[in-house]
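Beneath this line is the structure, given in structure tokens, with notes to follow.
This chain uses plain numbering: 1 for the first residue, then up along the sequence.
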Amino acid sequence: MASHPPNSADGEDPAGNNAELPSLPFHVVTKPSQLPVEFLEPSAAKKLVIGFDCEGVDLCRHGALCIMQIAFPDAVYLVDAIEGGKELVEACKPALESNHVTKVIHDCKRDSEALYFQFGIKLHNVMDTQIAYSLIEEQEGKKRAYDVYISFVSLLADPRYCGMPYPEKEEVRTLLRQDPNFWKNRPLSEMMIRAATDDVRFLLNIHEKMMEKLSKVSSWRLAVRSELYCRCFCINDNQQADWPPLPTVPDDIEAEARVPEVDILSLLDVPPGKMGRVIGRKGSSIMAVKESCNVEIHIGGAKGPPDRVFIIGPVKEVRKAEAILRGRMLEF
């Protein structure tokens, strides 16, 4: 681990009074040299698992990336993209694209989109805790709710993974409504540091608990689907031929294990004026397709892209969903 930069904290928890929470020092990073060498220069000899998140203003392909949070077992690094600029973010590119660094993230889609379109970084080797949660629920025989993707606050509150309330998150949401440029403000306030740190410092513990629960087949499905989440809003004209290949079925999966059909990501272009027909009243059309086809459907919404629908699921189910949605577009 690199030596502590001069602007690091003394190791006290920024929240101050939650003794039951694991306390980690935080380091505000404005230069690449303030990051651990093993992160900047990833290698097979020193494989890493880190918690990762991004904060920004309307974070997407256009919105500003302001902070990247990187959690190690013994410290959280707040990579200040405003002060450090493009050079600092690009110094993280080898690690963020590396097979040797596992990035534990809760819902990586918008983070990946910002990194790809603004910095040319193809986020890779991600363990997405939102996907892992759904797979564990499915593995345990629980009926999937197609209209619900667990929030980070709800995941933290689940006693199986963390069992911690996170009321500060709503406080930050209130501040964001009052000041949409909240994450651009400098110097970083105590609230900004606390919120940014809290968004990643539990991820490694959650990762460990989830990986213990996942079967080998579910772990493979998690790896594939996490990769598809990374490229969901980054799909381009070359169908992402420049991205790494998806994880193949591991050799150590028992012969008798039922290996499901591999997931794929599909893009549908929606003609002008037809998106309402695709979505349906209060999302009813999308919900019906999700349930009947066992797929995930994501829409760019206000952050865009506004004219595309992204479908993730097994090949046959995705093709069926495509056909239904195309039919909806043709309805008068």
Side-chain angles (χ1 to χ4, degrees), residues 58-63 106-114 116-117 122-123 126 128 130-135 137-138 142-151 220-243 245-247 259-332:
D58 287 330
L59 193 65
C60 60
R61 67 189 62 198
H62 306 300
H106 189 80
D107 191 5
C108 64
K109 296 189 293 294
R110 290 299 184 186
D111 296 357
S112 181
E113 181 185 20
Y116 179 67
F117 284 103
K122 295 183 280 289
L123 192 60
V126 161
D128 194 303
Q130 189 176 70
I131 301 168
Y133 182 90
S134 295
L135 287 171
E137 295 289 286
E138 182 181 323
K142 294 173 185 171
K143 184 170 172 57
R144 182 176 174 186
Y146 287 93
D147 58 339
V148 175
Y149 298 97
I150 191 165
S151 69
W220 166 66
R221 293 181 66 198
L222 170 61
V224 172
R225 193 160 287 206
S226 293
E227 289 292 318
L228 296 178
Y229 262 44
C230 284
R231 50 190 89 181
C232 181
F233 292 135
C234 303
I235 203 161
N236 53 24
D237 292 339
N238 67 5
Q239 295 297 301
Q240 299 169 329
D242 54 335
W243 286 65
L246 294 176
V259 179
E261 190 178 20
V262 68
D263 285 342
I264 63 168
L265 167 65
S266 174
L267 161 71
L268 277 185
D269 287 310
V270 180
K274 297 291 185 179
M275 186 59 83
R277 208 175 281 279
V278 167
I279 296 172
R281 183 176 173 80
K282 295 184 177 180
S284 59
S285 176
I286 289 289
M287 187 56 52
V289 177
K290 284 182 181 181
E291 290 180 352
S292 65
C293 300
N294 190 27
V295 293
E296 288 188 28
I297 299 176
H298 300 283
I299 294 170
K303 292 183 180 180
D307 54 353
R308 289 181 162 181
V309 172
F310 305 90
I311 310 168
I312 295 175
V315 178
K316 289 178 184 175
E317 298 299 308
V318 168
R319 298 302 177 223
K320 186 164 70 170
E322 288 174 340
I324 295 171
L325 292 174
R326 286 197 179 100
R328 298 265 164 84
M329 293 177 204
L330 293 173
E331 290 174 2
F332 292 101

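- Between Gln130 and Ile150, the shortest heavy-atom distance links the atoms NE2-O, 3.1 Å.
- To the nearest 0.5 Å, the span separating CG on Leu59 from NZ on Lys303 amounts to 6.0 Å.
- Annotation for Asp242 and Tyr116: closest pair OD2-OH, 3.9 Å, computed over non-hydrogen atoms.
- Distance CD1/Ile286 to NE2/His298: 10.5 Å, rounded to 0.5 Å.
- Atom NZ of Lys122 is separated from atom CZ of Arg231 by 10.0 Å, given to the nearest 0.5 angstrom.
- For Ser284 (side chain) and Gly280 (main-chain N/O), no donor-acceptor pair under 3.5 Å exists by modelled atom type.
- Going from atom NZ of Lys142 over to atom OG of Ser134 covers 11.5 Å, rounded to the nearest 0.5 Å.
- Using a 4.5 Å heavy-atom threshold, the side chains of Pro247 and Val224 count as touching.
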### Message
Under the criterion side chain to side chain contact (heavy atoms under 4.5 Å, CB included), I'd like the reasoning laid out for Val126 against Tyr229: C-alpha separation, chi angles, the key distance, then a yes or no.
### Response
CA-CA 9 Å; Val126 161; Tyr229 262 44; over 6 Å; no
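- Between Arg110 and Ile299, the shortest heavy-atom distance links the atoms NH2-O, 4.5 Å.
- Looking at heavy atoms from C-beta onward, Ile264 lies in side-chain contact with Arg319 at the 4.5 angstrom threshold.
- Once rounded to the nearest 0.5 Å, the distance linking OG of Ser112 with CD of Glu227 reads 9.0 Å.
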### Query
Are Cys108 and Ser226 close enough, and set up right, to give a side chain to side chain contact (heavy atoms under 4.5 Å, CB included), and what steps lead you there?
CA-CA 8 Å; Cys108 64; Ser226 293; 5.7 Å; no
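- Side chains of Val270 and Leu325 form no contact here, defined as non-hydrogen atoms less than 4.5 Å apart.
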#### Entry: Steps toward side chain to side chain contact (heavy atoms under 4.5 Å, CB included) verdict (Leu268, Val278)
CA-CA 11 Å; Leu268 277 185; Val278 167; over 6 Å; no
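- Not less than 6.0 angstrom separates the ring centroid of His106 from the ring centroid of Tyr133.
- At least one donor-acceptor pair under 3.5 Å links the side chain of Asp128 to the backbone N or O of Asp107.
- The aromatic rings of Phe233 and Phe310 sit perpendicular, their planes meeting at an angle over 60°, well past the 30° parallel limit.
- With respect to the salt-bridge test (charged N to carboxylate O, under 4.0 angstrom), the residues Glu113 and Lys109 do not qualify.
- Screening Arg328, Arg277, Lys290 for a side-chain contact (heavy atoms from CB on, under 4.5 Å) with Ser285, the sole residue that qualifies is Arg328.
- At a threshold of 4.5 Å between non-hydrogen side-chain atoms, the residues Asn294 and Lys320 do not count as touching.
- Here the shortest heavy-atom pairing between Trp243 and Leu123 reads CZ3-O, 3.6 Å.
- Checked against side chain to side chain contact (heavy atoms under 4.5 Å, CB included), Lys282 has no partners two or more places apart in sequence or in another chain.
- Heavy atoms only, all atoms of each residue included: Val289 and Val295 are closest at O-CG2, 4.3 Å.
- Here the straight-line distance linking atom CD1 of Ile324 with atom OG of Ser292 works out to 4.0 Å at 0.5 Å rounding.
- Between Arg225 and Glu296, at least one side-chain N (NZ, or NE/NH1/NH2) sits under 4.0 Å from a carboxylate O, which counts as a salt bridge.
- With a 4.5 Å cut-off on side-chain heavy atoms, Met275 and Val309 count as touching.
- Closest non-hydrogen pair, Pro314 versus Asp263, comes out as N-OD1, 3.2 Å.
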